[in-house]
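Step one of this worksheet: look at the structure below.
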Amino acid sequence: MISYPEFGALRLSQFRPDAEISELEGWEYEDREWVGEAVGFSEWLRPADTPEVLGSLSLDFGEFPRQAADRVLKAIGLPVRPGMEFEELRAALGEPVETLRFGPAKVTYGFLTPEPHRYKVSCTVKQHGGLSYLDVMIPAE
C-alpha cells in the first residue's frame, strides 16, 4: 500500500477533475470531525485538526466512473476492483476483522492491511453485484 504521506497528499480533483465537487466541513465520521470533498457518496476526508492531510477516502462504485476508480486503486496500491465477491476480497486482503450485516443482500467487511502502512479497509459487498462501496482510512492513533 501507498505510504501515509503519499496517501495524505491525494485529492479527489486529481481523479475527477471534471466533476462537480462539494466541499465538506464539520463532517462527523468514525468518532472524528473532518473536512473534505465529495462527489455523491464518494468522500475524501481530512481530519479537521490536520486539514491538509487526507485521512480517508470512500468510493461508491455505482457512481464513480470505472476508469477513475481504477486509477485511484492503482495509486493507493489496493488490489481490489468493483464487483469482487467476498472470497476474492479475502484472498487479496486476508481475513476480515469485522463483519456488519445489513440484511441478507448487503454485508460490509472490515480488513486491516499489513505493515508498514496499515489501513482500515471497509468493503461493502452486495449479494448481486459484489463490491459496491469501499472505504480506506488511516487508523486513528
Side-chain angles (χ1 to χ4, degrees), residues 1-103 105-141:
M1 292 275 307
I2 190 172
S3 72
Y4 291 158
E6 291 171 305
F7 184 85
L10 296 176
R11 295 296 179 265
L12 179 56
S13 60
Q14 293 174 254
F15 300 93
R16 296 289 313 275
D18 58 336
E20 189 172 320
I21 296 173
S22 301
E23 295 296 321
L24 304 173
E25 291 186 31
W27 198 256
E28 292 190 28
Y29 176 60
E30 292 283 320
D31 298 324
R32 295 166 70 187
E33 187 174 332
W34 305 83
V35 298
E37 309 165 292
V39 173
F41 290 105
S42 296
E43 302 164 350
W44 293 49
L45 303 174
R46 303 178 312 271
D49 57 349
T50 54
E52 67 284 350
V53 179
L54 183 71
S56 173
L57 68 79
S58 300
L59 299 175
D60 180 349
F61 293 122
E63 295 179 341
F64 211 85
R66 178 66 187 254
Q67 288 183 333
D70 289 346
R71 287 194 311 272
V72 172
L73 295 170
K74 183 178 179 182
I76 65 174
L78 190 62
V80 302
R81 68 183 185 293
M84 287 178 83
E85 299 296 334
F86 169 68
E87 292 301 325
E88 295 173 291
L89 290 167
R90 186 168 67 184
L93 301 173
E95 289 297 323
V97 295
E98 180 179 45
T99 302
L100 303 170
R101 297 194 184 282
F102 301 97
K106 187 170 27 171
V107 180
T108 296
Y109 300 98
F111 299 93
L112 287 174
T113 63
E115 297 287 348
H117 303 289
R118 185 166 289 254
Y119 288 86
K120 283 179 54 179
V121 177
S122 296
C123 300
T124 299
V125 178
K126 291 183 177 178
Q127 185 175 13
H128 301 289
L131 179 61
S132 62
Y133 194 83
L134 175 74
D135 184 73
V136 180
M137 178 184 291
I138 297 173
E141 295 178 4

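Just so it is clear, the model here is predicted, and its values are computed rather than measured.
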Pairwise side-chain contact, [X] with [Y], heavy-atom cut-off 4.5 Å (strictly under):
{"X": "V125", "Y": "K106", "result": "no"}
{"X": "S58", "Y": "F41", "result": "no"}
{"X": "I2", "Y": "L10", "result": "yes"}
{"X": "L131", "Y": "P82", "result": "no"}
{"X": "M1", "Y": "L78", "result": "yes"}

* To do: Over 60° means perpendicular and under 30° means parallel, so classify the ring planes of Y29 and W34, tilted if in between.
  =>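 Rings of W34 and Y29: tilted, 30 to 60°.
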Over all atoms of both residues, closest heavy-atom pair of [X] and [Y]:
{"X": "W44", "Y": "L12", "answer": "NE1-CD1, 3.2 Å"}
{"X": "R101", "Y": "V107", "answer": "NH1-CG2, 3.3 Å"}
{"X": "G55", "Y": "P47", "answer": "N-CD, 4.1 Å"}
{"X": "P51", "Y": "A48", "answer": "CD-O, 3.5 Å"}
{"X": "L57", "Y": "F7", "answer": "CD2-CE1, 3.6 Å"}
{"X": "M137", "Y": "E30", "answer": "CE-CG, 3.5 Å"}

- Task: Look only at the side chain of E37 and the backbone of R11, and say whether a donor-acceptor pair between them is shorter than 3.5 Å.
- Result: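 Pair absent, no side-chain N/O of E37 close to backbone of R11.
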| Residues in side-chain contact (heavy atoms from CB on, under 4.5 Å) contact with R81, at least two apart in sequence or another chain |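 Here the qualifying residues are R66, M84, E88.
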For the pair L100 and S122, evaluate side-chain contact (heavy atoms from CB on, under 4.5 Å) and give the outcome as yes or no after the intermediate values. CA-CA 10 Å; L100 303 170; S122 296; over 6 Å; no
Is there a side chain to side chain donor-acceptor pair (under 3.5 Å) between D60 and S42? Walk through the geometry before answering. CA-CA 5 Å; D60 180 349; S42 296; 5.6 Å; no
Roughly how far apart are T108 OG1 and K126 NZ, rounded to 0.5 Å?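 Nearest 0.5 Å value for the OG1-NZ distance: 11.0 Å.
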inquiry  = Rounded to the nearest 0.5 Å, what separates atom CG in D135 from atom CD in E43?
reply    =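 The CD atom of E43 is 8.5 Å from CG of D135, to the nearest 0.5 Å.
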Taking atom [atom1] as the centre, does [X] end up with more than 12 heavy-atom neighbours from other residues, nucleotides or ligands that are less than 6.0 angstrom away?
{"X": "E115", "atom1": "CD", "result": "yes"}
{"X": "E52", "atom1": "CD", "result": "yes"}
{"X": "E25", "atom1": "CD", "result": "no"}

Query raised in the report: Any cation-pi pair here, R16 with F64, using under 6.0 Å and within 45°?
Result: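 R16 over F64 ring: yes.
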**Close aromatic pair by centroid cut-off 6.0 Å: Y119 and Y4** =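 Ring centres of Y4 and Y119 closer than 6.0 Å.
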| Hey, do the aromatic rings of Y109 and F86 have their centres closer than 6.0 Å? |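 When the ring centroids of Y109 and F86 are compared, they turn out to be within the sub-6.0 Å range.
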Margin query: Between L73 and L134, does the side-chain contact (heavy atoms from CB on, under 4.5 Å) criterion hold? Intermediate values first, please.
Written below: CA-CA 10 Å; L73 295 170; L134 175 74; 3.6 Å; yes
Q. Given the rule in the side-chain contact (heavy atoms from CB on, under 4.5 Å) test, do V35 and R46 qualify, once you have shown the distances and angles that lead to the verdict?
A. CA-CA 5 Å; V35 298; R46 303 178 312 271; 3.8 Å; yes
